[in-house]
Visitor: 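This structure is in structure tokens; I'll ask about it shortly.
By convention in this document, chain letters (A, B, ...) are assigned in the order of the sequence lines, proteins followed by strands, and residues within each chain are numbered from 1.
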2 protein chains.
Amino acid sequence: MTRGSSVDQNFLFTLGELYRLLRVYADKEASRFGITRAQWAVLAKVERSEGMKQSELAELLEMQPITLTRLIDKLCDNDWIERRSDASDRRVKRLYLKKSGRQLLGKMSGLKSELTANALDGITPADAHRLLTQLETIKENVRSAIQTSGAEQARKEQRYG
Amino acid sequence: MTRGSSVDQNFLFTLGELYRLLRVYADKEASRFGITRAQWAVLAKVERSEGMKQSELAELLEMQPITLTRLIDKLCDNDWIERRSDASDRRVKRLYLKKSGRQLLGKMSGLKSELTANALDGITPADAHRLLTQLETIKENVRSAIQTSGAEQARKEQRYG
DNA sequence: AAGTGATCATAAGCTTGCTTATTATATCCA
DNA sequence: TGGATATAATAAGCAAGCTTATGATCACTT
């Protein structure tokens with residue numbers, strides 16, 4: 001129980017503290033390439049799945065479409081990616097890497113490894129793998145917790161509205 | 001190597017995605033108490049170490065003093081904490097919980113456990129404990145990586161400035 | 001004692017998240 | 001065919017991070 005309560009006391013806020021540190025670190029390093037960490041994450045995801053709709057990409061990135069829209073604006077301004085209209089649905093815009101975007105990702109490929117290696121220093125590859133798996137598990141847990149609490153909310157509103 | 005490269009591909013951005021999800025979740029739940037997750041984190045830290053200087057608290061929270069200043073403004077507006085001038089150093093303000101802040105934390109004590117338990121569902125207490133330890137390790141790694149890269153920066157500037 | 005440099009809190013302005021609302025377009029059903 | 005509902009992208013405005021700069025105070029050196 002001591003063990004449980006210690007986790008209980010710390011997990012929620014510790015993750016936030018780590019995130020802030022990691023953000024400062026990654027932004028500082030990425031800035032040498034004229035890009036921010038947030039933009040880089042989008043660019044990397046576009047590379048992995050070109051031709052996606054913005055809404056699909058937003059879901060993959062766990063962010064709201066409007067947040068993504070503004071990041072895409074910046075990536076387009078820099079000519080790293082482009083929006084192309086969808087032939088069969090005129091609401092949709094699909095995202096494609098441009099040549100300079102591909103080149104940038106090439107130049108940055110070593111940086112991600114370096115940042116990750118520095119962050120995970122002293123953690124064995126096996127532990128790192130387990131850690132990542134656990135983070136994915138937690139992501140799923142939180143995603144479904146949000147949906148559940150949203151559903152409860154809707155039910156209450158229906159009952160009292 | 002497969003294992004290493006899979007971590008390499010994902011750790012940096014996965015943590016950001018999890019953070020965003022967790023933020024949405026915690027903010028939504030905390031809002032029932034009229035407080036945000038960020039403000040809650042500050043309030044909880046003040047409870048644990050009353051009488052701290054703002055600058056010390058900012059360091060504990062891994063955030064910049066100005067970021068903290070504005071969160072503290074809100075906590076003071078709500079009368080949950082107060083700033084008291086230091087007797088021996090007139091620059092310093094020390095932070096103390098007020099009665100209603102203590103009451104609020106009491107009311108919210110169950111929520112943190114609930115959020116953490118939901119997030120860590122399916123992860124054994126032993127694994128959760130190891131996970132938290134690893135997050136702390138990574139925090140230290142990143143903190144020192146930032147300092148190192150800052151030092152390199154300063155060295156370069158000195159050399160070329 | 002006085003000046004130089006550090007430290008504390010804060011201000012101004014930017015980024016990247018969010019929520020809520022708007023506009024255009026699709027889809028569905030009656 | 002047409003009206004209600006849903007979906008895609010964007011806009012406006014707020015929250016909470018950041019950097020850089022400022023004013024007040026302190027500490028140290030001379």
Visitor: Between D:dA15 atom P and B:Asn78 atom CG, what is the distance in whole Å?
Guide: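 In whole Å, D:dA15 P lies 12 Å from B:Asn78 CG.
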Visitor: What pairs with A:Tyr19 under ring pair (Phe, Tyr, Trp, His ring centres under 6.0 Å), at least two apart in sequence or on another chain?
Guide: B:Tyr19
Visitor: Give the rounded distance in Å between these two atoms: CG of B:Leu61 and P of D:dC18.
Guide: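 Atom CG in B:Leu61 sits about 10 Å away from atom P in D:dC18.
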Visitor: For B:Glu47, enumerate each residue passing the side chain to side chain donor-acceptor pair (under 3.5 Å) test, keeping only those at least two apart in sequence or located in another chain.
Guide: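 So B:Glu47 forms no side chain to side chain donor-acceptor pair (under 3.5 Å) with any residue.
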Visitor: Can you check the B:Leu75 CG to D:dA15 C1' distance for me, whole Å?
Guide: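 That distance rounds to 13 Å.
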Visitor: For A:Leu68 and D:dA11, give me the distance from atom CG to atom C1', rounded to whole Å.
Guide: 15 Å
Visitor: Holding to ring pair (Phe, Tyr, Trp, His ring centres under 6.0 Å), I want the full list of residues that pass it with B:Trp80, two or more places apart in sequence or in another chain.
Guide: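 Per chain and number, B:Trp80 pairs via ring pair (Phe, Tyr, Trp, His ring centres under 6.0 Å) with no residue.
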Visitor: Taking only residues two or more places apart in sequence or in another chain, which ones pass side chain to side chain contact (heavy atoms under 4.5 Å, CB included) with B:Ser88?
Guide: B:Asp86
Visitor: Establish, with yes or no, whether the OP1 or OP2 oxygen of C:dC8 is under 4.0 angstrom from a side-chain nitrogen or oxygen of B:Lys53.
Guide: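 For C:dC8, OP1/OP2 do have a side-chain N/O of B:Lys53 under 4.0 Å.
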Visitor: Let's see if you get this right: which residues in residues 80-97 of chain B place a heavy atom under 4.0 Å from DNA chain C?
Guide: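 Those residues whose heavy atoms fall under 4.0 Å from DNA chain C, taken from residues 80-97 of chain B in numerical order, are B:Arg83, B:Arg91, B:Val92, B:Lys93.
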Visitor: Would you list the atom pairs, donor with acceptor, under 3.5 Å between side chains in residues 65-75 of chain B and any protein atom, with sequence neighbours excluded?
Guide:
unit_1	atom_1	unit_2	atom_2	d
B:Thr69	OG1	B:Pro65	O	3.0
B:Asp73	OD1	B:Arg83	NH1	3.3
B:Asp73	OD1	B:Arg83	NH2	2.8

Visitor: Donor-acceptor pairs under 3.5 angstrom involving side-chain atoms of residues 97-107 of chain B: please list them, not counting sequence neighbours.
Guide:
unit_1	atom_1	unit_2	atom_2	d
B:Lys98	NZ	B:Asp79	OD1	3.4
B:Ser100	OG	B:Asp79	O	2.8

Visitor: Figure out the CG/P separation between B:Asp73 and D:dG17, and round it to whole Å.
Guide: 14 Å
Visitor: Any chance you could measure A:Met63, atom CE, to B:Glu17, atom CD, to the nearest 0.5 Å?
Guide: 8.0 Å
Visitor: Find the distance A:Glu17:CD to D:dG17:P and express it as a whole number of Å.
Guide: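 Whole-Å distance recorded here is 11 Å.
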Visitor: For every nucleotide of nucleotides 13-21 of chain C, 5' to 3': is a protein heavy atom under 4.0 Å from its base (B), only from its sugar-phosphate (S), or from neither (-)?
Guide: B--SBBB--
Visitor: Is there a side-chain contact between B:Ser31 and B:Thr36 in this structure, where contact means two heavy atoms from C-beta onward sitting under 4.5 Å apart?
Guide: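 Heavy-atom side-chain distance check fails, nothing below 4.5 Å.
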Visitor: Give one of base, sugar-phosphate or nothing for A:Ser55, where a contact means two heavy atoms less than 4.0 Å apart.
Guide: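 The residue A:Ser55 makes sugar-phosphate contact but no base contact.
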Visitor: Rounding to an integer number of Å, can you tell me how far B:Gln54 CD sits from D:dA24 P?
Guide: 17 Å
Visitor: Got a sec, which residues hit side chain to side chain donor-acceptor pair (under 3.5 Å) with A:Asn118, two or more places apart in sequence or on another chain?
Guide: A:Tyr25
